Amino acid sequence: MEYENILVEQRGKVVIVTLHRPAVLNALNDQLMDELGHALLKFDTDEGVSCIMLTGSEKAFAAGADIGVMAGYSYMDVYKSDFITRNWEHIRNVRKPVIAAVAGYALGGGCELAMMCDFIIAAETAKFGQPEIKLGIIPGAGGTQRLPRAISKAKAMDMCLTARMMDAQEAERAGLVSRVVPAEKLMEEAMAAADSIAAMSLPAVLMAKEAVNRAYETTLSEGLLFERRLFHGTFATEDQKEGMQAFLEKRPSVFKNR
Ligand code: HXC
């Protein structure tokens with residue numbers, strides 16, 4: 001598939017996928033989401049890739065779904081096509097880690113897309129928001145569900161009802177982003193995080209991601225059991241032997257499965 005709305009670059013075992021519709025602040029349309037889904041699923045099964053980074057431009061990660069396209073939709077259009085599940089859910093099926101590196105606006109579907117990633121590293125310039133209410137609609141790709149889980153009901157309500165934006169510092173205090181870095185350091189810091197993940201044992205990385213995600217889907221007892229079973233499974237890997245032996249020998253681990 002030829003990509004026109006995203007850019008793809010591989011650095012070592014890390015793939016950087018850049019949303020690229022600069023004229024409209026990376027507004028998300030079907031073509032872009034098809035390309036993104038295709039790329040994510042392709043890299044997920046590519047043995048040469050261990051971690052994926054999703055980013056945008058300095059001005060915008062993504063300013064939301066494309067309003068120009070949505071403006072003409074009727075209820076029947078969106079209901080019959082189940083607008084937006086068709087090509088927005090791919091990212092949920094990706095087993096390898098996906099880091100969002102966000103600078104500038106992450107609004108509406110852009111904020112939702114960032115939240116679908118495993119964690120968000122934000123530049124000081126990042127601005128998060130769910131401004132759909134100003135358009136007479138509500139968030140449709142998880143905003144009302146992932147925001148309260150990430151930042152509390154109070155802040156999620158505030159954002160979804162007033163449409164106010166949250167800057168990077170507030171987003172970090174609230175728990176929406178894992179770290180805030182100077183804008184000029186965003187790619188460097190996100191790459192360092194991705195490289196460090198790519199150097200770990202891939203099976204352990206996949207299991208850790210699966211287990212953390214489980215916390216959002218189940219009870220504590222079931223989640224703990226799930227975690228324990230995966231934890232036990234790690235002892236069947238060569239990488240567990242290597243990781244622990246390397247510690248005892250006071251040398252860096254060299255994992256086979258990366
Ligand atoms: C289509 C968009 C767009 C969008 C920006 N543009 N956001 N086009 N859809 N979501 C276009 C503008 O029309 C403009 O095109 C160009 O990008 C630059 O934007 P400006 O508004 O001139 O820039 P600025 O003044 O800096 O303001 C930036 C902004 C503003 C605050 C981000 O663009 C804005 O409010 N955008 C809409 C944000 C929004 O409401 N997002 C939620 C969408 S609904 P021209 O041709 O004039 O240069 C949504 C629902 C998701 O996401 C549902 C499930 C997926």
Side-chain angles (χ1 to χ4, degrees), residues 4-7 17-40 54-94 98 100-117 120 122-151 155-171 176-177 183 186:
E4 290 174 9
N5 300 280
I6 58 171
L7 308 172
V17 179
T18 304
L19 306 173
H20 188 62
R21 295 187 76 210
V24 286
L25 303 181
N26 295 332
L28 306 164
N29 62 6
D30 261 345
Q31 292 90 310
L32 186 152
M33 294 310 293
D34 282 342
E35 292 175 16
L36 180 61
H38 183 272
L40 290 174
L54 183 59
T55 194
S57 68
E58 279 174 25
K59 186 154 188 215
F61 177 76
D66 194 318
I67 302 169
V69 173
M70 289 187 296
Y73 285 169
S74 69
Y75 173 75
M76 271 311 151
D77 293 330
V78 293
Y79 181 71
K80 283 203 306 198
S81 66
D82 207 7
F83 176 60
I84 214 117
T85 53
R86 184 181 71 76
N87 53 11
W88 277 65
E89 299 277 306
H90 294 308
I91 195 166
R92 293 189 67 197
N93 299 324
V94 176
V98 184
V102 174
Y105 297 109
L107 302 178
C111 184
E112 292 170 313
L113 181 60
M115 287 193 288
M116 286 179 210
C117 297
I120 303 173
E124 283 164 345
T125 56
K127 285 188 163 46
F128 299 88
Q130 298 291 162
E132 286 90 340
I133 200 92
K134 287 205 289 190
L135 300 169
I137 59 171
I138 70 168
T144 67
Q145 302 305 300
R146 290 197 178 90
L147 257 189
R149 284 167 167 81
I151 67 173
K155 277 192 185 284
M157 281 287 189
D158 185 355
M159 289 176 73
C160 291
L161 299 183
T162 70
R164 87 169 169 89
M165 290 187 215
M166 206 179 241
D167 67 19
Q169 300 298 345
E170 183 181 3
L176 182 60
V177 310
L186 177 65

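Everything numeric here is computed off the predicted structure, so don't read it as measured data. For the single chain, residues carry numbers from 1 onward in sequence order. Just follow the structure's listing: the first ligand is 1, and inside any ligand the first atom is 1.
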List ligand 1's nitrogen or oxygen atoms that come under 3.5 Å of a protein nitrogen or oxygen, with the partner atom and distance.
| residue | atom | partner | partner atom | Å |
| --- | --- | --- | --- | --- |
| ligand 1 | 9 (N) | Ile67 | N | 2.9 |
| ligand 1 | 10 (N) | Ala63 | O | 3.1 |
| ligand 1 | 10 (N) | Ala65 | O | 3.0 |
| ligand 1 | 26 (O) | Lys59 | NZ | 2.9 |
| ligand 1 | 41 (N) | Ala63 | O | 2.9 |
| ligand 1 | 52 (O) | Ala65 | N | 2.7 |
| ligand 1 | 52 (O) | Gly109 | N | 2.8 |

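Ion pairing between Glu170 and Lys127 fails under the 4.0 Å rule for side-chain N and carboxylate O.
Between the side chain of Glu112 and the main chain of Gly142, a donor-acceptor pair closer than 3.5 Å is present.
Ring pair Tyr73/Phe83: centre-to-centre distance below 6.0 Å.
Annotation for Leu161 and Ile133: closest pair O-CG2, 3.7 Å, computed over non-hydrogen atoms.
Checked against side-chain contact (heavy atoms from CB on, under 4.5 Å), Glu89 has the following partners two or more places apart in sequence or in another chain: Thr85, Arg92.
Between His20 and Glu35 the shortest side-chain heavy-atom distance does not fall below 4.5 Å.
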